[in-house]
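Input: a single structure, listed below in structure tokens.
To find a chain, count down the sequence lines: A is the first, B the second, and so on, and within it residues start at 1. These figures come from a predicted structure and were not determined experimentally.
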Amino acid sequence: MNSSGKKEDEMKVTDILEKKSTRRSFVKNLSIAAAAGSAGLVTGGCVSLGKSEEMGLKWEEYFKSNYRLMTQEEKDETVARLVRLAKIQNDADIQISNQEPRENVLYGYAFNISRCKGYMDCVEACVKENNLDRKAKTQYIRLFEMDSGQLDPTSGDGKYFHEVPVEGKFYMGVQCFHCENAPCIKACPTKATWREPDGIVVVDYDWCIGCRYCLAACPYWGRRFNWGEPEVPKEEMNTKQHYLGNRMRMKGVMEKCTFCVQRTRQGKLPACAEACPTGSRVFGNLLDPNSEIRYVLKNKKVFRFKEELGTDPKFWYFID
Amino acid sequence: MKKIFLSSGLLFLMLGTVFLSAQTVMASGGSVIDRIHAADKPFDSMGIESAHHLPVKTVLAQESYQGGTFKVLARKDSITRFRCSVCHTDKKVLVSDGALFTHGDIVINHGRGNDRLACIECHDEKNRDFLSDAEGKQIDFDHSYQLCGQCHFRQKRDWLGGAHGKREAYWAGERVVRNCTSCHSPHSPAFETKMPATYSLPLDK
């Protein structure tokens, strides 16, 4: 009895020891000490106060945890740091939210292929809403002009630019389908991408190492890679941002459609659904039997793209 | 006798494990379809307070959605020369004012082939502030879906359910949808061909 109690005590001690001295926190403490030392050295020098504040914030950011492991306090801290950094570096007044998913909500999307006219208003709204790289012309949504009878977007034209709609063609939009059984999540070696409880597949841009395994794993071409530093003109920047959504990405990280997490968690429609002039895009809560998305699933002819892969996407196509 | 008891007991045990494992699969999420089938309780979307205030003028629809009420965007405010009865009186009009008073700018492209609709097939012949259906019942401009739905009953059914038309701004909160005439010009309801808003780069770039 006694000996087992002793063993337990020992276990606890080793636990605490191990927890207190993970490699990361050890390096962090060491580096903070070093930074403090060097800061002490340069205070008499010519480095401005703003510069040293920026260095300090960047330093803290560098050693932060994966978003899913952060406590609420840590999440608030990193958001505050990012807001301050945006102010120092680009003189931008942004708001970054870390709003949590809501209970009993599972987002779903339906796309009416017999209504879409290929106007591309959705793509434009998405680019503006999500601060997508204007230089590389990153787009989360792709619209394909398809011959009737075809259902595979690879057979369609994804780069059309002429008067639409064209007689005898239909238009099919492809974006991230937010699979319940997402291959991209399994492929990620650093657990930088995951599915939130409300069904949105998100990326922690600060945890992504840019290996692009997810890009290769996604059968729907849903992910985008930042080959260069993303550029958004300051006057076009959407300042209402979310940590897991449209905050500015950096060079070398993956990004993707987040169902406009910064909007949808406030009850708003995603930018694409709001911008669509034809009403082809239906969005709502799959767990609400009174929602419009549930009406579509129950009453219309629906199908999912590449359903046979077992990815279980939450994006349906339907016809009138 | 004992054997029967034993085997029936075993059977129950097996059934029980199958049932339990099915339960745990459900609890751990399961497929989207399973989760949808399991969710039968209405969601309190009015509980999302950020989705409450729409900056547009709406009216309560004279139809029901899923047993409850919903709103449609008001129409009368966006008709530039409403009320129509201001001009449509018995007063005589000078010929020189004719161009202003007749609706010469309106082109009707509604109806199949050469069977274009006439004005009074939708507008009330006597009271110009209203529309009227095939039975002569007056219909308010704000509730034009009652008129359009006479012929386009399939679209109206889809619109009532949410498969046709558009919700305004929010997926949560009170259901506010666009009126038929918010998107379709009643005189020429088909969507026009136009240049797309933007374009995409080739995939293999």
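- The contact between Gln139(A) and chain B is made entirely by side chain atoms (from C-beta outward), counting heavy-atom distances below 4.5 Å.
- Relative to the six-membered ring of Phe141(B), Arg75(B) misses at least one condition, a distance below 6.0 Å or an angle of at most 45° to the axis.
- At least one cation-pi condition fails for Lys306(A) and Phe177(A): the charged atom is not both under 6.0 angstrom from the six-membered ring centre and inside a 45 degree cone around its axis.
- With a threshold of 4.5 angstrom between heavy atoms, Ala110(A) does not approach chain B through any atom at all.
- Heavy-atom pairs under 4.5 Å with chain A were tallied for Trp171(B), Tyr65(B), Tyr199(B); the largest tally goes to Trp171(B).
- Salt-bridge annotation for Asp312(A) and Arg304(A): present, with a side-chain N of the basic residue lying under 4.0 Å from a carboxylate O of the acidic one.
- A donor-acceptor pair is defined here as one N or O able to donate and one able to accept, closer than 3.5 Å; no such pair exists between the side chain of Asn130(A) and the backbone of Asn246(A).
- With values rounded to the nearest 0.5 angstrom, Leu131(B) atom CG is found 7.0 Å from Cys122(B) atom SG.
- Only the backbone of Ser291(A) has a heavy atom closer than 4.5 Å to any heavy atom of chain B.
- Here Glu255(A) does not pair with Arg223(A) in a salt bridge; the nearest charged N to carboxylate O distance is not below 4.0 Å.
- None of Phe144(A), Tyr160(A), Tyr317(A) except one satisfies the ring pair (Phe, Tyr, Trp, His ring centres under 6.0 Å) rule with Tyr171(A); the exception is Tyr160(A).
- Of the atoms belonging to Leu297(A), it is side-chain heavy atoms, and not backbone ones, that fall under 4.5 Å from chain B.
- Annotation: side chain of Arg35(B) is not in contact with side chain of Leu286(A) (no heavy-atom distance under 4.5 Å).
- Counting heavy-atom pairs under 4.5 Å between each of Arg167(B), His164(B), Gln155(B) and chain A puts Arg167(B) at the top.
- Heavy-atom contacts from other residues, nucleotides or ligands closer than 6.0 Å to CD of Glu236(A) number more than 12.
- Your options are Val127(A), Asn290(A), Asn299(A), and the one with the most heavy-atom pairs under 4.5 Å with chain B is Asn290(A).
- Between chain A and the residues Ser182(B), Cys183(B), Ala169(B), the most heavy-atom pairs under 4.5 angstrom are made by Ala169(B).
- Both the backbone and the side chain of Asn104(A) come within less than 4.5 Å of a heavy atom of chain B.
- Proximity to chain B involves both the backbone and the side chain of Val164(A), based on heavy atoms less than 4.5 angstrom apart.
- Between chain B and the options Asp157(A), Asn285(A), Ile141(A), Val296(A), heavy-atom pairs under 4.5 Å are most frequent for Asn285(A).
- Your options are Asp158(B), Ile33(B), Asp40(B), Asp44(B), and the one with the most heavy-atom pairs under 4.5 Å with chain A is Asp158(B).
- For chain B, the nearby part of Trp316(A) is the side chain; its heavy atoms alone come within less than 4.5 Å.
- By the 6.0 Å and 45° rule, Lys300(A) does not stack over the aromatic ring of Phe318(A).
- In terms of heavy-atom pairs under 4.5 angstrom with chain A, the leader among Arg157(B), Arg175(B), His52(B) is Arg175(B).
- The greatest number of non-hydrogen atom pairs below 4.5 Å with chain A, out of Gly165(B), Ser45(B), Pro42(B), is found for Pro42(B).
- Contact count against chain B (heavy-atom pairs under 4.5 Å) is highest for Pro165(A) among Gly199(A), Gly284(A), Pro165(A).
- Taking CG from Asn226(A) and NZ from Lys135(A), the interatomic distance works out to 11.5 Å, rounded to the nearest 0.5 Å.
- At least one donor-acceptor pair under 3.5 Å links the side chain of Arg263(A) to the backbone N or O of Leu269(A).
- With chain B as the partner, the residue from Asn181(A), Leu106(A), Ile293(A) showing the most heavy-atom pairs under 4.5 Å is Leu106(A).
- The candidate from Lys314(A), Arg265(A), Arg102(A) with the greatest count of non-hydrogen atom pairs under 4.5 Å with chain B is Arg102(A).
- Contact annotation for Ala275(A): only backbone heavy atoms (N, CA, C, O) come within less than 4.5 Å of a heavy atom of chain B.
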